[in-house]
K.L.:
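Got a structure here, written out as structure tokens. Questions coming.
Because the structure is a prediction, the values reported are computed rather than measured. Lettering of chains follows the sequences in order, A, B, ..., and the numbering in each one begins at 1.
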There are 2 protein chains.
Amino acid sequence: MNGPIETAKFAPLDREGLVDRIAETLMEAIIAGRIAPGDRLSESTIARDMGVSRAPVREAARLLENSGLVRYRANRGFFVHEIAAEGFRDLYELRIAIETAAALRLIAGDAAAALPALTAALDRLKAAAEGECDVTAMISADLAFHRAICLASGNARFVQVFDQIANETRLGVMLIGRLYDDPAEIARSHEPVLAAIAASDREAVVAAIEYHLGTARDLVPPMLVADTEKRR
Amino acid sequence: MNGPIETAKFAPLDREGLVDRIAETLMEAIIAGRIAPGDRLSESTIARDMGVSRAPVREAARLLENSGLVRYRANRGFFVHEIAAEGFRDLYELRIAIETAAALRLIAGDAAAALPALTAALDRLKAAAEGECDVTAMISADLAFHRAICLASGNARFVQVFDQIANETRLGVMLIGRLYDDPAEIARSHEPVLAAIAASDREAVVAAIEYHLGTARDLVPPMLVADTEKRR
DNA sequence: GTCAAGTGAATTGTCGACATTCGACAAAAG
DNA sequence: CTTTTGTCGAATGTCGACAATTCACTTGAC
């Protein structure tokens with residue numbers, strides 16, 4: 001059974017393909033806001049800039065389409081997704097459904113085992129809210145906490161759906177600077193969710209998530225409309 | 001507001017691109033079982049058979065990946081997705097979460113307006129269960145009913161997620177002939193769900209969907225394991 | 001001045017060819 | 001006989017070129 005090598009002496013080489021690297025670069029640019037929502041992703045331009053051909057760029061764009069960052073229109077190309085007020089409500093209703101289900105599933109299983117990861121995620125979120133708060137990092141930490149809940153549920157599907165919509169959430173939220181005006185408050189608003197999970201209280205979990213995400217669902221769309229108007 | 005043409009006199013030309021047609025053809029072949037789960041989708045072969053180049057075939061495959069029908073492995077190509085027993089449980093937990101949320105949302109809105117569509121979908125399901133029951137058609141009608149619930153919720157996200165996982169459900173369920181041994185019984189099992197929605201009874205809706213989908217969730221995985229063993 | 005049609009540059013859609021990688025079989029060493 | 005190494009066919013990965021489509025601009029008539 002034992003070959004000459006028992007423990008791996010080398011970490012696997014980073015062999016992620018060209019397409020993945022292009023996709024990552026594009027995603028980073030979109031999330032960082034260097035490409036604005038609604039902007040067209042010119043295949044030729046991107047390919048030329050990156051020094052590759054158009055084929056892998058197209059594939060990368062298709063990949064990003066799955067993440068909801070990019071929309072494709074036939075014969076017109078790829079565009080950075082613009083999220084509307086109405087779509088934001090729907091998006092958050094889906095988040096409530098998914099994350100509530102994940103949390104309930106988590107409680108039904110081994111909640112104790114999952115708590116450290118959740119607590120750690122919340123701590124990181126609080127840390128990100130301290131001092132000179134970078135909005136992008138703050139959003140990342142926020143999403144990471146919610147993702148941790150899905151992950152801890154043990155159901156890969158919940159994580160999959162969450163990942164698909166996380167970036168869209170990001171795009172929507174980033175349009176609104178004001179939302180993160182009081183980062184510490186945002187961070188604190190996650191505590192009831194964790195507390196309910198820790199207490200394994202099903203009803204409290206449902207209520208906490210509904211309140212936490214429901215607040216954003218009801219608060220953000222009007223802001224989105226206002227900000228969209230202002231931009232004209 | 002009114003232009004010279006008020007009613008459309010011509011159906012829109014079939015301008016859906018080559019990629020879409022390839023994707024549809026492939027999807028049809030997979031759903032019909034002409035390509036078995038686990039089989040490789042050879043780009044070259046498909047391209048040659050269809051008389052096109054490999055580029056649109058690749059894109060079509062990437063599209064099908066979003067529908068969960070196909071999985072992509074780097075440098076190895078596309079394969080028809082194989083669903084495992086464990087994955088099936090997760091899949092159905094997600095369905096319960098989505099469809100329950102959709103139904104509750106539906107009740108919160110204008111339930112009366114949505115009822116005709118749901119009733120019609122259920123009738124079609126019953127009709128499909130009559131006489132010489134084609135399993136594929138039966139599954140389609142079954143899924144169509146559940147999709148109608150998501151659609152009636154008014155939340156496009158629910159529909160989007162449902163569509164993404166519907167085909168995977170199909171692949172999993174099709175592996176098990178026995179499940180549809182008694183089609184009429186299957187059709188009837190949908191009635192409580194519709195009744196609960198019609199009554200706008202939140203608790204009943206939650207219970208009905210949990211029971212209806214939960215039965216499949218608990219029943220199918222052992223069957224999947226058994227059938228997989230048998231196939232060896 | 002407004003609107004329609006025409007024109008052309010720019011972009012996407014598709015293709016065939018070449019480079020790279022993979023997996024299986026064969027061959028050689030232990 | 002088992003294990004490792006070498007080789008080879010076949011598939012994917014990437015590319016540059018051409019065709020088809022779109023969009024902004026110009027042109028012209030009313």
K.L.:
Tell me which donor-acceptor pairs under 3.5 Å the side chains of residues 73-80 of chain B have, and how far apart each pair is, sequence neighbours excluded?
P.N.:
none

K.L.:
For the pair made of CD in B:Glu65 and P in D:dT12, what is the distance, rounded to whole Å?
P.N.:
14 Å
K.L.:
Counting C-beta onward and ignoring hydrogens, is there a side-chain heavy-atom pair between B:Leu118 and B:Ile149 closer than 4.5 Å?
P.N.:
yes
K.L.:
So how far off straight is the helix from C:dG1-D:dC30 to C:dG30-D:dC1, going by the axes through five pairs at either end, to 10°?
P.N.:
20°
K.L.:
For side chain to side chain donor-acceptor pair (under 3.5 Å), just list the numbers for B:His81 and B:Asn167, CA-CA rounded to whole Å, side-chain angles, deciding distance to a tenth of an Å, and then say yes or no.
P.N.:
CA-CA 10 Å; B:His81 183 55; B:Asn167 284 317; over 6 Å; no
K.L.:
Decide side chain to side chain contact (heavy atoms under 4.5 Å, CB included) for A:Glu99 and A:Phe158; before the verdict, give the C-alpha distance in whole Å, the side-chain angles of both, and the deciding distance to 0.1 Å.
P.N.:
CA-CA 8 Å; A:Glu99 297 185 27; A:Phe158 291 150; over 6 Å; no
K.L.:
Should B:Ile46 and B:Val52 count as side-chain neighbours, where that means a heavy-atom distance under 4.5 Å?
P.N.:
no
K.L.:
If I take atom CZ from residue A:Arg124 and atom CG from residue A:Asp142, how far apart are they, to the nearest 0.5 angstrom?
P.N.:
13.0 Å
K.L.:
Are B:Tyr92 and B:Phe88 near enough that their ring centres are under 6.0 Å apart?
P.N.:
yes
K.L.:
Strictly under 4.0 angstrom, non-hydrogen atoms only: write out the protein contact profile of nucleotides 5-20 of chain C, one letter per nucleotide from the 5' end, B, S or -.
P.N.:
------SBBSB-B---
K.L.:
In whole angstroms, how far is the C1' atom of D:dC23 from the CZ atom of A:Phe79?
P.N.:
11 Å
K.L.:
Going through the checks in order, is the side chain to side chain contact (heavy atoms under 4.5 Å, CB included) test met by B:Leu63 and B:Leu26?
P.N.:
CA-CA 11 Å; B:Leu63 234 50; B:Leu26 281 178; over 6 Å; no
